[in-house]
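One structure below.
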Amino acid sequence: MVHAPTRPTQGMPPVRVNLYSDTQTRPTAAMKACMMEAETGDEQGGLDPTVDELCARMAALLGTEAAVFLPSGTMCNQISMLVHCAPGDAVLAHRTAHILTSEGGGASALSGVQIMGLEGEGGQYSPEALEAAIWQPSRNAPPQTLVEVEQTANLGGGTIWPLETLRRVADIAHGHGMSTHMDGARLLNATVAAGIAPSDMAAGFDSVWLDFTKGLGAPLGAVLCGSTAFIDKAWRWKQRLGGAMRQAGICAAACLYSLDHNVDRLAEDHVNAAALARGLAQIEGITVQQPQTNLVFFDTEATGRPAGEIATALRHEGVMISTMGRFRGRACTHLDVDAAGITTALEVFRRVLAA
Ligand SMILES: *Cc1c(COP(=O)(O)O)cnc(C)c1O
């Protein structure tokens, strides 16, 4: 599960098709021009008009009262747990959730919470599994105070939680007096693919955030949304953790640019992911999980070769993927990969796997 970033290594050819992650996109000239023009001010003091504009737009998009600009998605998750929970509380999430597997143990180190990892296919647990994991409140049991979902579920294969499931999960959580949190790192991939408004997708969640550094192509930034009371408390933690910034409008401008130009085009990434999956499925020994968005997970066990070995061979031919387990590879489409890049990647895959 743990993977180290693949760096350009000495003796390696340049990367031709980067399917490693949608985090590796570079700001375009047009985005940079927008950043150059940004009006800025001291963000800590609430004086940056570009940050204010981004937060207002995000609150409207996700249907919440307020929003706060943060440096990263990880900080959105960590601050949400800090606000919703007290030390010793339990958070219910899928066992592959980013907050459980990929945030350096921040949940226990910072909030002092324990995360209960629920089972379920595709990075999603069922409402029934959630019900079954809820304890009778007692002096022995840790208080269960927060229910978390990840839209899309990254390690689940970029799957989309259906609206109906989200509604039921939120109702169950609230029915037991718990808060709800949506890790929306790739929320817009889900809304574009499903044709559902972001505010509908986020309804029922007390906190929800969006990452601008995944498919949206901005260099940094995430926006956490919630009620005015929640965001007030989030601001306290932003300050405490050193996430309060200065002329952050430079970065917020890139996020605004991405909202204007890079949302609808996520559909192209999904088409490219589907094409890649179709091609990979035709290669002997490769089993592909049908992608719902921009993440393509595949199993290499039947080839007899670990995913890492295949990834290295691909890298020698200029194609970069990531590995998510001994025999599990992940290829991620994004705005720096076009249909021709997919064709190239598939050629290289076929050559490497024939060898
Ligand atoms: C990338 C990611 C995060 C963390 O976002 P950063 O901006 O990299 O800190 C959180 N959750 C999921 C599902 C992610 O894919």
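Note that the numbering runs from 1 along the sequence shown for the chain. In listed order, ligands and their atoms are each counted from 1. Computed from a prediction, not measured in an experiment: that's the story for all the values here. Atom set for the values below is all heavy atoms of this structure, side chains included, hydrogens, waters and symmetry mates excluded.
The hydrophobic cluster containing Met81, built from Ile/Leu/Val/Met/Phe/Trp/Tyr side-chain heavy atoms closer than 4.5 Å, also comprises Val91, Ile99, Leu100, Val113, Ile115, Leu146. Chaining together hydrophobic side chains whose heavy atoms lie under 4.5 Å apart leaves Leu335 on its own.
Per-residue contacts place Glu150 under 4.0 angstrom from the following atoms of ligand 1 (heavy atoms of the residue considered): 13 (C). Contact atoms of ligand 1 toward Asp211: 5 (O), 6 (P), 7 (O) (distance under 4.0 Å to a heavy atom of the residue). Close approach of ligand 1 to Ala185 is summarised as follows: ligand atoms under 4.0 Å from at least one heavy atom of the residue are 2 (C), 11 (N), 12 (C), 13 (C), 14 (C), 15 (O). The ligand atoms of ligand 1 that sit less than 4.0 angstrom from a heavy atom of Ser72 are 7 (O), 9 (O). For ligand 1, the atoms closer than 4.0 angstrom to any heavy atom of Arg186 are 15 (O). Residue-ligand proximity, Asn154 to ligand 1, at heavy-atom distances under 4.0 Å covers atoms 15 (O).
Smallest separation of non-hydrogen atoms from Thr293 and Ala273: O-CB, 3.3 Å. The two residues Phe298 and Val296 make their nearest non-hydrogen contact at CD2-O, 3.9 Å. Across all non-hydrogen atoms, the minimal contact from Ile321 to Arg330 is CB-O, 3.5 Å.
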Verdict with supporting geometry, Trp161 and Tyr125, ring pair (Phe, Tyr, Trp, His ring centres under 6.0 Å): CA-CA 9 Å; Trp161 286 73; Tyr125 49 82; 5.0 Å; yes
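Of the heavy atoms in Lys214, only side-chain atoms (C-beta onward) come closer than 4.0 Å to ligand 1. Of all the heavy atoms of Asp183, the ones lying under 4.0 Å from any atom of ligand 1 belong exclusively to the side chain. Counting heavy atoms under 4.0 Å from ligand 1, residue Trp209 touches it through the side chain alone.
Remark: Asp232 does not engage Arg236 in a salt bridge, criterion side-chain N to carboxylate O under 4.0 Å.
Closest to atom 9 (O) of ligand 1 among all protein heavy atoms lies Thr74 OG1, 2.6 Å.
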